Amino acid sequence: MASCTFALLKITDVQFNRYHGAAISAFLIWGFIPFPLKALTAFPSSQILYFRILFSVVTLLALSLGTRRKQWQETFQLLKTQTRKEKNRFLLFTFLGGGLLTVNWLSFIYVVNHVDIQTGSFSYLLCPILTAALGFLLLGEHLRVNQWLSVGLSLMSCLLVGTDSLYNLLFSLLIAASYAFYLITQRLLKEYDKMVLLTLQLLLAFAVIGPSYPWFVGASAQPVTAHFTGQILLLSWVFTVLPLFLNLYALKELKSATVGVLMYLNPIINFTMAFLYFGEVASQQKILAYFVIFLSVILYNLPIGKKTPALKTS
């Protein structure tokens, strides 16, 4: 696993430093997210999501008051100088980002607990390449020849998964597409502080689902126990807020393309746990699909041709 990471870093010709360490730490943490989710299998996915958003928002707001006042002030000052059209654009994409993140989290929680970890992992191998394709279609961003070949290999891997299990493929595409479109909204709001944006997005998301707990969670809601609260705190603090801060720290100095390479640590760890710890099995067709998507990841990150700015993956 570590050797794969350093091999990809070598491909992109970068030198390791503390910012790489922060990014690697973030994706290592995210790689182990199935553990707190699996501990909550008895609870509805919507209930897990509800409290993950609630605790994350409260934590982010507390941190904002203590350490990020300057960033909030700068955001509001920037908004004051903008036209009505630009303000409406900010509100639209912030609200849309919160909705996409909610769909992404809910679908990933459901897939890990009620389908399999492999399906969730496959979606995050697919996501950066899908994001690049959307960047080309929606933002007019350039893709090199090897990156187009990578997109083609990704489509091939999707066909392999689809012919094996259309149900799993649809969930993988839902997770990948919701996060890819979320990254596009982030790209369109690149002048704003990422943590301020995330706090606003989750705050807006909770403003929608917060007052409707009985409807949102449904009749399958379970009593909130100490075990549930402890796992949700772990999920919110250790597996949401901490890696986000590490990722932001890394992005201060690292190119987003480099962070995009390191992002693949997450699904690689997920796959490893799925097979070695949780005892999941995969058909030969799925294994071939995973091999093809991994080849596409390596091909996508080869520095062939003209280098162009990549989408941020955080």
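Small disclaimer: the values here were computed from a predicted structure and weren't measured. Throughout, numbering of the chain's residues begins at 1 and tracks the sequence.
V112 and V281 are not part of a single hydrophobic cluster, where members link through side-chain heavy atoms under 4.5 Å apart. Transitive grouping of hydrophobic side chains (ILVMFWY, heavy atoms separated by less than 4.5 Å) brings V196 and L61 into a common cluster. F291 and L299 fall into different hydrophobic clusters, defined by Ile, Leu, Val, Met, Phe, Trp and Tyr side-chain heavy atoms under 4.5 Å apart, directly or through other members. Note: the hydrophobic cluster containing I53 also contains W215 (ILVMFWY, side chain heavy atoms under 4.5 Å, direct or indirect links). Transitive grouping of hydrophobic side chains (ILVMFWY, heavy atoms separated by less than 4.5 Å) keeps I268 and L295 in distinct clusters.
With values rounded to the nearest 0.5 angstrom, C158 atom SG is found 11.0 Å from L153 atom CG. In this structure, OH on Y264 lies 7.5 Å from CG on L125, to the nearest 0.5 angstrom. Rounding to the nearest 0.5 Å places CG of L174 at 11.0 Å from CG of L169.
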After noting the C-alpha distance and the side-chain angles of F136 and H142, does the key distance pass the side-chain contact (heavy atoms from CB on, under 4.5 Å) rule? CA-CA 6 Å; F136 169 80; H142 175 74; over 6 Å; no

Show your reasoning for whether side-chain hydrogen bond (donor to acceptor under 3.5 Å, both in side chains) applies to R69 and S64. CA-CA 6 Å; R69 292 184 182 181; S64 296; over 6 Å; no

After noting the C-alpha distance and the side-chain angles of R144 and Y300, does the key distance pass the side-chain hydrogen bond (donor to acceptor under 3.5 Å, both in side chains) rule? CA-CA 9 Å; R144 302 190 300 272; Y300 180 84; over 6 Å; no

Applying side-chain hydrogen bond (donor to acceptor under 3.5 Å, both in side chains), run through T75 and D193 and close with a yes or a no. CA-CA 7 Å; T75 299; D193 181 82; 5.9 Å; no

CA sep, side-chain torsions, deciding dist, call: F108, Y179, ring pair (Phe, Tyr, Trp, His ring centres under 6.0 Å): CA-CA 10 Å; F108 183 76; Y179 197 63; over 10 Å; no

Y50/I209 under side-chain contact (heavy atoms from CB on, under 4.5 Å): CA gap, chis, key distance, verdict: CA-CA 8 Å; Y50 185 95; I209 68 173; 4.2 Å; yes

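Within the 6.0 Å centre-distance limit, the rings of F35 and Y277 are counted as a close aromatic pair. Here Y290 and F294 keep their ring centres 6.0 angstrom or further from each other.
Applying the salt bridge (Lys or Arg N to Asp or Glu O under 4.0 Å) test to residues at least two apart or on different chains, none of the pairs has a partner in residues 172-185. Among residue pairs with one or both ends in residues 271-286, those qualifying as salt bridge (Lys or Arg N to Asp or Glu O under 4.0 Å) are D116-K286; sequence neighbours excluded.
Scanning for ring pair (Phe, Tyr, Trp, His ring centres under 6.0 Å) contacts around F239 gives an empty result, with sequence neighbours left out.
The 12-atom threshold is exceeded at CZ of F275, counting heavy atoms of other residues, nucleotides or ligands nearer than 6.0 Å. The 12-atom threshold is not exceeded at CH2 of W237, counting heavy atoms of other residues, nucleotides or ligands nearer than 6.0 Å. Annotation: Q284, atom CD; neighbour count of heavy atoms from other residues, nucleotides and ligands within 6.0 Å does not exceed 12.
No side-chain heavy atom of I129 sits less than 4.5 Å from a side-chain heavy atom of Q147. With contacts defined as side-chain heavy-atom distances shorter than 4.5 Å, the pair L202/W105 qualifies.
Counting only N and O atoms by type, the side chains of E74 and Y192 include no donor and acceptor under 3.5 Å apart.
Between the T229 side chain and the A226 main chain, no donor and acceptor come within less than 3.5 Å of each other.
Between F51 and Y213, the ring planes are perpendicular. Angles over 60° get that label, and only those under 30° would be called parallel.
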